[in-house]
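Just below is one structure, and these are the notes that go with it.
All residue numbers refer to positions in the sequence shown, counting from 1.
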Amino acid sequence: MDELYGLNPNRLDVNYLLGGLYGPLRNDADKVILHLEKSLEYKQDAPKIYSDLAVAYGIKGNIQKAV
């Protein structure tokens, strides 16, 4: 998955896809958060990104950021 990011790290779709894959495939909430926050740099009016990010923060136990 890191190879995909290395090809073009400055794309919304690459970051959102990686944010969705790191959770179920690698159980890595930190990477999910990293890529979803990067996605928001390109599209701030995307409720699905915020929703997914809230779940990731919840998994990490950061309820304040999840809200």
- request: Treat each ILVMFWY residue as a node, draw an edge where side-chain heavy atoms are under 4.5 Å apart, and state whether Val32 and Leu21 are in one component.
  value: yes

message: Quick check: closest heavy atoms across Ser39 and Ile49, and the distance to 0.1 Å?
response: CB-CD1, 3.9 Å

Intermediate values then yes/no, side-chain hydrogen bond (donor to acceptor under 3.5 Å, both in side chains), Asn10 and Tyr42: CA-CA 8 Å; Asn10 298 318; Tyr42 304 105; 3.2 Å; yes

Donor-acceptor list for residues 50-59 side chains, cut-off 3.5 Å, not counting sequence neighbours:
from, atom 1, to, atom 2, distance (Å)
Tyr50, OH, Gln44, O, 3.1
Asp52, OD1, Lys48, NZ, 3.0
Asp52, OD2, Tyr16, OH, 2.6
Tyr57, OH, Glu37, OE2, 2.2

- prompt: Same cluster or not: are Leu36 and Ile63 linked, directly or through other Ile, Leu, Val, Met, Phe, Trp or Tyr residues, by side-chain heavy atoms under 4.5 angstrom apart?
  reply: no

query: Does the Asn15 side chain pair with the main chain of Pro9, one donor and one acceptor, at a distance under 3.5 Å?
result: yes

- request: Give a yes or no on whether Asn27 atom CG has more than 12 heavy-atom contacts from other residues, nucleotides or ligands under 6.0 Å away.
  value: no

task: Applying salt bridge (Lys or Arg N to Asp or Glu O under 4.0 Å), name anything that partners Asp28, two or more places apart in sequence or on another chain.
output: none

Single-linkage hydrophobic cluster, 4.5 Å side-chain cutoff, Ile33 and Leu17 together: yes

statement: In terms of heavy-atom contacts, Gly19 and His35 come closest through N-CB, 3.7 Å

- prompt: Do Leu12 and Val14 sit in the same hydrophobic cluster, where Ile, Leu, Val, Met, Phe, Trp and Tyr count as joined when their side-chain heavy atoms come under 4.5 Å apart?
  reply: yes

Pairwise salt bridge (charged side-chain N to carboxylate O under 4.0 Å, His left out) hits with a residue in residues 5-14, at least two apart: Arg11-Asp13

